[in-house]
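Hydrogens, waters and symmetry mates play no part in the numbers below; they use all other heavy atoms, side chains included. Position 1 is the first residue of the sequence; numbering continues from there.
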Amino acid sequence: MLKIAIVLVTLSSTLAANIPGGLLPQLNGRIVGGVATDISSYPWQISLQRSGYHSCGGSIYSKNIVITSAHCMQDVTISVLKVRAGSSQWNEGGILLNIASFKTHEGFSSWSMVNDVAVLRLSSSLIFSPTIRSIALATKSPLDNAAAVVTGWGARSFESGVLANTLQYVNVSIVSNVECRSPVYGYGWQIQPTMLCAYAKGKDAFQGDSGGPLVSGGQLVGVVSWGYGCALPNYPGVYADVAVLRPWIIRAASSI
């Protein structure tokens, strides 16, 4: 998920034991194993663009507020940012809006990746339609093994590494934090209470999908955050847990 100027560790085939102390990898922009879809199926999805290029995903919270990840907003000048909504393609169609202001979680850490959430206020209000719509925030974290879907723009294979023009989706299953910390998976203590895991064999969110939505039961349950490599066995994708961070999101959205 990184056409953005943040610290990135390339870990496509590296085990957790080899990660430098504290530094966790951030995703940037590919849905591996995904299937092309139409924005009308996921009308809350937006493309967050930097200097004319897709950099991260995001979700529509209201007519003038978008939710994305905190790490997508690091080292950025607001004048180069835009949001495209209402299009299956990141580079054309829909509506392209400037960003008036944004706020990242005060407790966000790029080393531990806790509290990886941010809200953006658009320069003008969206007009809701079949292709532009908000999504409700989850009030409780999804159950272990619940069905979920993650969406974003990106290559459908790790090898190509090139952004796809058309929105992609991948079906995944929620992995409880207890399970994600267990020896079954590779993260251990690095899974914190503000995080949520989801997994599907051979499928994952990857670079360019940071900040994008993880949806279950028609609600936004997660924000794409980080992970080791992409679609590696026993390394689920890790998301900011929206239910846990919901009070902050609501407060921040009303204050910017």
Side-chain angles (χ1 to χ4, degrees), residues 27 31-47 56-63 65-69 85-86 88 105 115-119 126 128-153 167-182 184-185 187 191-206 209-227 231 236-253:
L27 301 180
I31 287 276
V32 170
V35 177
T37 188
D38 189 84
I39 193 66
S40 60
S41 297
Y42 306 96
W44 48 82
Q45 172 84 51
I46 62 91
S47 167
C56 285
S59 304
I60 299 171
Y61 171 71
S62 69
K63 289 184 177 180
I65 298 291
V66 165
I67 300 168
T68 188
S69 66
S88 304
H105 197 296
N115 304 312
D116 191 13
V117 67
V119 294
L126 296 165
F128 285 173
S129 70
T131 58
I132 299 177
R133 185 163 60 83
S134 61
I135 186 168
L137 305 182
T139 57
K140 58 182 179 180
S141 302
L143 298 175
D144 187 35
N145 208 40
V149 61
V150 59
T151 49
W153 285 271
L167 185 65
Q168 309 282 310
Y169 79 92
V170 163
N171 292 316
V172 294
S173 295
I174 300 297
V175 177
S176 72
N177 280 15
V178 171
E179 186 74 3
C180 204
R181 294 187 195 105
S182 76
V184 174
Y185 297 104
Y187 293 132
I191 302 302
Q192 298 296 309
T194 64
M195 299 175 188
L196 180 69
C197 297
Y199 183 74
K201 185 177 181 181
K203 300 178 182 181
D204 203 356
F206 192 48
D209 298 308
S210 280
L214 176 71
V215 174
S216 182
Q219 296 183 321
L220 183 67
V221 299
V223 177
V224 179
S225 183
W226 67 278
V238 185
Y239 304 77
D241 190 328
V242 167
V244 173
L245 294 165
R246 187 175 189 268
W248 182 89
I249 293 170
I250 294 171
R251 288 195 306 271

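To the nearest 0.5 angstrom, Cys197 atom SG is 3.5 Å from Ile191 atom CD1. Once rounded to the nearest 0.5 Å, the distance linking OH of Tyr239 with OG1 of Thr194 reads 15.0 Å. Here the straight-line distance linking atom CD1 of Ile67 with atom CG of Leu220 works out to 5.5 Å at 0.5 Å rounding.
Checked by atom type and distance alone, the side chain of Thr68 pairs as donor or acceptor with a backbone atom of Gly57 at under 3.5 Å. A distance-only check finds a donor-acceptor pair linking the side chain of Asn177 to the backbone of Met195 [under 3.5 Å]. A donor-acceptor pair under 3.5 Å is absent between the side-chain atoms of Trp248 and the main chain of Ala118, judged by distance alone.
Remark: Tyr185 pairs with Tyr199 by the ring-ring contact (aromatic ring centres under 6.0 Å, His included) rule, at least two apart or across chains. Remark: Thr131 engages Ser129 in a side chain to side chain donor-acceptor pair (under 3.5 Å) (not counting sequence neighbours). Listed by chain and number, the residues in a side chain to side chain contact (heavy atoms under 4.5 Å, CB included) with Ala85 are Ile46, Ile60, Ile95, Leu126, Ile132 (sequence neighbours excluded). In this structure, the side chain to side chain contact (heavy atoms under 4.5 Å, CB included) partners of Thr37, at least two apart in sequence or on a different chain, are Ser41, Tyr42, Leu167, Tyr169. Judged as a side chain to side chain donor-acceptor pair (under 3.5 Å), and not counting sequence neighbours, the contacts of Ser47 are Gln49, His54.
Contact detail for Ser59 and Pro213: the closest heavy-atom pair is OG-CB, 3.1 Å. Nearest heavy atoms, Ala253 versus Tyr61: CB-CE2, 3.7 Å. Of all heavy-atom pairs between Asp38 and Ser40, the closest is OD2-OG, 2.7 Å. Nearest approach of Arg181 to Gln192, heavy atoms of both residues: NH2-C, 4.1 Å.
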Return all side-chain donor-acceptor pairs below 3.5 angstrom for residues 133-150, not counting sequence neighbours, or 'none' if the list is empty.
| unit_1 | atom_1 | unit_2 | atom_2 | d |
| --- | --- | --- | --- | --- |
| Ser141 | OG | Asp241 | OD1 | 3.2 |
| Ser141 | OG | Asp241 | OD2 | 2.7 |
| Asp144 | OD1 | Ser176 | N | 3.0 |

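Between Pro236 and Tyr187, some side-chain heavy-atom pair lies under the 4.5 Å cut-off.
Exactly one of Thr151, Val242, Val221, Val223 qualifies for a side-chain contact (heavy atoms from CB on, under 4.5 Å) with Leu214. That residue is Val221.
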